[in-house]
Amino acid sequence: MSEAIDQQVFAIIAKRCGPECPPIEPTFNLKDAGIDSLTAIEILFDIEEHFDVQLPERDPAFDTNSVQGLIDAVNSALSAKAVGAPPAP
């Protein structure tokens with residue numbers, strides 16, 4: 001992929017978050033930014049579609065998860081996909 005995975009994830013989040021979105025960084029927390037659970041789920045779907053992976057089930061409200069956790073899940077899913085294994089739960 002041409003862009004680093006983290007930058008692609010940031011762009012997907014920013015697109016859903018809108019113009020009032022605070023700067024997205026690995027420590028960024030979707031819930032703290034005012035992103036509701038429906039939008040968080042849409043972000044997950046957008047990420048899965050963009051990377052053609054299936055992420056493990058997560059808390060859609062992202063209570064304690066940072067964007068870094070999401071990036072790590074994408075990296076794990078992509079690695080599993082590359083070797084033909086199912087992603088870790």
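Being a predicted model, the structure only gives us computed values, none of them experimental.
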Response to the item:
When every non-hydrogen atom of Ile71 is compared with those of Phe10, the smallest separation belongs to CD1-CE2, 3.7 Å
Fill in: Ion pair check, Lys81 and Asp52, cut-off under 4.0 Å
yes
Worksheet item: What is the minimum heavy-atom distance between Cys17 and Pro22, and which atoms define it?
Response: SG-CD, 4.5 Å
Practice prompt. Not counting sequence neighbours, which residues clear side chain to side chain donor-acceptor pair (under 3.5 Å) with Glu42? List them please.
Written response: Arg16
Response to the item:
Closest heavy-atom pair, Ile5 versus Val74, reported as atoms and distance to 0.1 Å, is CG2-CG1, 3.7 Å
Discussion item. As an exercise, state the distance from OG1 of Thr39 to CG of Leu44, rounded to the nearest 0.5 Å.
Written reply: 11.0 Å
Fill in: Interatomic distance, Ile41 atom CD1 to Asp46 atom CG [nearest 0.5 angstrom]
12.0 Å
Practice prompt. Go through the structure and list residues passing side chain to side chain donor-acceptor pair (under 3.5 Å) with Gln68, not counting sequence neighbours.
Written response: Asp72
Discussion item. Can you confirm whether Ile43 sits close enough to Val9 that some side-chain heavy atom of one is under 4.5 Å from a side-chain heavy atom of the other?
Written reply: no
Discussion item. For a quick test of reading the model, state the closest non-hydrogen atom pair linking Ala77 to Leu55 and the distance between them.
Written reply: CB-CD2, 4.2 Å
